[in-house]
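What follows is one structure encoded as structure tokens, with my remarks underneath.
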Amino acid sequence: MMGKTIVITSGKGGVGKTTTTANIGAALAMRDHRVVVIDTDIGLRNLDVIMGLENRIVYDLVNVIEGKCRIRQAMIQDKHGLELYLIPAAQTRDKDSIEPAQLRELCAGLEQEYDYILIDCPAGIERGFKNATAAAQEAIIVTTPEVASVRDADRVVGLLEASDLHRPRLIINRISADMVRRGDMMSQRDVKSLLAIEVLGLVPADERTISAANRGVPVVHDARSSAGAAFLRIAARIDGEEVPIQEISPRPGVFNKLRDMMGMKGRAYSHA
């Protein structure tokens with residue numbers, strides 16, 4: 001069975017996309033899958049730090065593309081002994097160092113041996129975005145329940161469609177059930193109504209995520225973390241399990257106010 005390449009993107013930076021990539025990768029590996037995560041944020045790599053692998057880097061993605069090393073030489077195994085491998089981004093090069101076709105060829109080769117290849121897409125919608133999306137069969141958009149983040153996610157939905165990546169799925173990160181119930185934050189129902197794409201999962205705001213990232217340990221390894229448990233459920237859904245998503249409903253009238261603020265009317269079509 002061939003592996004699958006999934007790009008994890010956001011449009012806007014700072015929404016937790018790299019943390020999401022690391023935790024989904026770890027969670028899938030904990031389900032006995034062989035997983036490769038690729039950092040394509042050339043010049044600004046962070047995935048290695050989230051995974052605690054920054055001191056093990058010898059070769060990087062650009063070295064592989066340029067033929068300066070074999071792909072296995074650039075792959076760093078997760079320190080927990082899982083079948084999880086990182087290909088880090090180059091830190092001293094720019095995004096023009098690779099072409100979309102080169103990344104597509106690399107991922108096609110990895111799909112012969114690994115179950116999942118997760119691409120951590122750079123923030124923004126320029127060259128790095130085009131490189132990362134070119135290799136993928138599926139896309140996951142990460143957003144926070146904030147006006148600016150959802151507006152940028154709306155733009156990314158359209159760009160993914162233009163790249164023939166239809167039916168992207170959404171992860172809503174750092175959602176606070178208390179704030180939603182008070183009417184101070186959009187709920188998943190609000191965000192889904194605006195973006196008209198399937199919600200893959202909700203990740204609650206959890207300070208353990210920050211402390212885990214600072215230690216270089218994906219939060220899925222913390223049994224007491226609500227965010228870690230959420231990433232485990234997301235991985236199960238990616239893996240084909242039917243795991244229900246709990247609905248958090250806002251106060252009446254809040255959604256219309258937020259929609260007016262954003263200048264968005266909601267999409268007339270649905271990918272779900």
Side-chain angles (χ1 to χ4, degrees), residues 7-21 23-24 41 44 46 50 120-126 128-130 132-133 139-163 165-210 213 219 226-227 230-231 233-234 245-272:
V7 63
I8 299 177
T9 185
S10 64
K12 187 182 190 311
V15 299
K17 170 181 50 57
T18 297
T19 299
T20 296
T21 303
N23 278 285
I24 291 177
D41 197 358
L44 293 170
N46 282 308
I50 300 296
D120 183 18
C121 182
I125 55 175
E126 304 302 329
F129 177 85
K130 294 176 182 177
T133 56
I140 295 171
I141 299 173
V142 181
T143 187
T144 53
E146 302 165 6
V147 171
S149 180
V150 174
R151 179 180 286 173
D152 284 350
D154 181 66
R155 176 80 186 279
V156 169
V157 172
L159 292 172
L160 290 171
E161 285 215 321
S163 302
L165 279 172
H166 303 283
R167 300 178 63 84
R169 293 188 285 179
L170 183 72
I171 291 175
I172 305 174
N173 195 25
R174 302 177 192 148
I175 190 165
S176 166
D178 289 340
M179 290 184 69
V180 170
R181 292 191 184 101
R182 292 199 306 266
D184 295 328
M185 177 179 284
M186 283 184 279
S187 72
Q188 70 268 32
R189 187 183 300 175
D190 299 336
V191 177
K192 183 176 180 179
S193 296
L194 289 167
L195 299 179
I197 61 176
E198 176 187 353
V199 176
L200 178 62
L202 310 175
V203 181
D206 182 359
E207 63 183 18
R208 289 181 178 274
T209 305
I210 299 172
V219 76
S226 57
F231 283 123
R233 292 192 294 272
I234 288 168
I245 298 176
Q246 183 178 2
E247 184 77 16
I248 302 174
S249 299
R251 290 190 315 189
V254 172
F255 170 63
N256 289 334
K257 181 179 179 181
L258 286 165
R259 184 171 61 183
D260 292 341
M261 287 172 58
M262 294 175 63
M264 295 171 60
K265 300 302 181 183
R267 293 181 176 271
Y269 53 87
S270 175
H271 310 276

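Given the structure is predicted, the values throughout are model-derived calculations rather than measurements. One is the number of the first residue; the rest follow in order along the sequence.
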Residue that, paired with Lys17, satisfies side-chain hydrogen bond (donor to acceptor under 3.5 Å, both in side chains) out of Asp41, Asp120, Thr9: Asp120
[X] to [Y] - nearest heavy-atom pair and separation:
X	Y	result
Ser10	Gly13	OG-N, 4.5 Å
Thr209	Thr19	CG2-CG2, 3.8 Å
Leu195	Ala153	CD1-CB, 3.9 Å
Val199	Ile245	O-CD1, 3.1 Å
Thr144	Val15	CG2-O, 3.9 Å

Sequence neighbours left out, what passes side-chain hydrogen bond (donor to acceptor under 3.5 Å, both in side chains) with [X]? Give chain and number order.
X	answer
Asn46	none
Asn173	none
Thr143	Ser149

Drop me the distance from [X]'s [atom1] to [Y]'s [atom2], to the nearest 0.5 angstrom.
X	Y	atom1	atom2	result
Ile172	Leu200	CD1	CG	10.5 Å
Leu165	Thr133	CG	OG1	6.0 Å
Asn23	Thr18	CG	OG1	11.0 Å

Ala227 backbone acceptor or donor facing Asp206 side chain under 3.5 Å: yes
Expected output: side-chain Ser187 to main-chain Arg189 donor-acceptor under 3.5 Å: yes
Ile171/Thr20 under side-chain contact (heavy atoms from CB on, under 4.5 Å): CA gap, chis, key distance, verdict: CA-CA 9 Å; Ile171 291 175; Thr20 296; 3.8 Å; yes
I need the single residue from Arg182, Met185, Arg181 that forms a side chain to side chain contact (heavy atoms under 4.5 Å, CB included) with Ser176. Which is it? Met185
Name all residues meeting the salt bridge (Lys or Arg N to Asp or Glu O under 4.0 Å) criterion together with Arg169; count only those two or more places apart in sequence or in a different chain, and write none if there are none. Glu138
For Leu159, side chain to side chain contact (heavy atoms under 4.5 Å, CB included) partners two or more places apart: Ile125, Phe129, Arg155
Those residues at least two apart in sequence (or on a different chain) that pass side chain to side chain contact (heavy atoms under 4.5 Å, CB included) with Ala132 are Val7, Thr40, Ile119, Cys121, Pro122
Counting C-beta onward and ignoring hydrogens, is there a side-chain heavy-atom pair between [X] and [Y] closer than 4.5 Å?
X	Y	value
Leu170	Val191	yes
Ile234	Val203	yes
Leu194	Met186	yes
Leu160	Val156	yes

